[in-house]
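Here's the structure we're looking at; comments come further down.
In the text below, chain A, chain B and the rest are named by the order of the sequence lines, each starting its count at 1. This structure is a prediction, so every number in the text was calculated from the model and none was measured.
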Amino acid sequence: MSDDIRRNMALFPIGIVMKLTDLTARQIRYYEQHGLIEPTRTSGNQRLYSFNDVERLLEVKALIEKGVNIAGIRQVLANGGEGNTEAAVLSTTTERKSREMTDTQLHQMLKQQLRAGRRPGQVSLIQGELSRFFPKRGL
DNA sequence: ATTCTCACA
DNA sequence: TGTGAGAA
């Protein structure tokens with residue numbers, strides 16, 4: 001499954017993740033402290049998040065907005081660790097249909113987020129990052 | 001310019 | 001959780 005390594009390949013810094021998830025750096029780090037995500041620390045202790053991390057963060061965000069606390073989210077994500085997060089969510093919460101992100105949908109979402117946070121002159125970096133994920137497909 | 005850790009309002 | 005300080 002090379003697709004798996006692709007999704008787990010950490011490549012964006014917290015700044016990008018902030019735009020992608022609409023979470024503050026504080027929150028992102030806070031969730032990490034509570035074991036909700038485990039980004040890799042590549043450079044000088046800089047956090048690098050993978051696509052899976054971003055997706056996970058989005059789930060966390062959704063659950064937080066639903067009023068679920070860290071402990072609750074933990075249980076949701078606990079049932080499967082790195083693989084069956086979706087199953088856990090689907091069986092534990094009320095959002096059976098609202099949370100089912102296919103690859104295509106994820107790609108679309110990322111494009112939207114990217115467009116929304118676009119600031120003339122400094123997006124080339126982000127596009128460059130994403131191109132690693134969508135080498136041939138249209139971005 | 002960005003991100004990191006730590007501590008305090 | 002937010003914010004600011006001080007360093008990488």
>> Measuring from atom CG of A/N69 to atom CZ of A/R74, what distance do you get when rounded to the nearest 0.5 angstrom?
In response: 11.5 Å
>> If I take atom CD from residue A/E55 and atom CD1 from residue A/I37, how far apart are they, to the nearest 0.5 angstrom?
In response: 13.0 Å
>> Just N and O in the side chain of A/Y30: are any of them under 4.0 Å from OP1 or OP2 of C/dG2?
In response: no
> Could you give the CD-to-P distance, from A/E32 to B/dC6, as a whole number of Å?
Replying inline: 12 Å
> Phosphate oxygens OP1/OP2 of C/dG2: is one of them under 4.0 Å from a side-chain N or O of A/T24?
Replying inline: yes
> A/L23 CG to C/dT1 P: how many Å, rounded?
Replying inline: 8 Å
>> Could you tell me how far apart A/R29 (CZ) and B/dT3 (C1') are, to the nearest whole angstrom?
In response: 6 Å
> Rounded to the nearest 0.5 Å, how far does CG of A/D22 lie from CG of A/L57?
Replying inline: 11.0 Å
> For the pair made of NZ in A/K19 and P in B/dA1, what is the distance, rounded to whole Å?
Replying inline: 13 Å
>> Distance check, rounded to the nearest 0.5 Å: A/F51 atom CZ versus A/D3 atom CG?
In response: 10.5 Å
> So what does the secondary structure string of DNA chain C come out as, 5' to 3', with Watson-Crick or wobble pairs under 3.5 angstrom, [ ] for crossing and | for pairs with another strand?
Replying inline: .|||||||
> Say you draw a straight line from CG of A/L36 to CG of A/L63; how long is it, rounded to the nearest 0.5 Å?
Replying inline: 9.0 Å
>> Within the 4.5 Å heavy-atom criterion, are A/V54 and A/I16 side-chain neighbours or not?
In response: no
> So, do A/V17 and A/D53 sit near enough that their side-chain heavy atoms are less than 4.5 Å apart?
Replying inline: no
>> Without decimals, in angstroms, what is the distance between A/I14 CD1 and B/dA1 C1'?
In response: 15 Å
> To the nearest angstrom, how far is A/I28 atom CD1 from B/dC4 atom C1'?
Replying inline: 14 Å
> Looking at side-chain heavy atoms only, is the closest gap between A/Y31 and A/I70 below 4.5 Å?
Replying inline: yes
Table of protein N/O atoms under 3.5 Å from nucleotides 3-8 of chain C N/O atoms:
residue	atom	partner	partner atom	Å
C/dT3	O4	A/R26	NE	3.2

>> Expressed as a whole number of angstroms, how long is the span from A/R41:CZ to B/dC4:C1'?
In response: 8 Å
> From A/R26 CZ over to A/I14 CD1, what is the distance, rounded to the nearest 0.5 angstrom?
Replying inline: 10.5 Å
> What integer distance in Å separates A/F12:CZ from B/dT2:P?
Replying inline: 17 Å
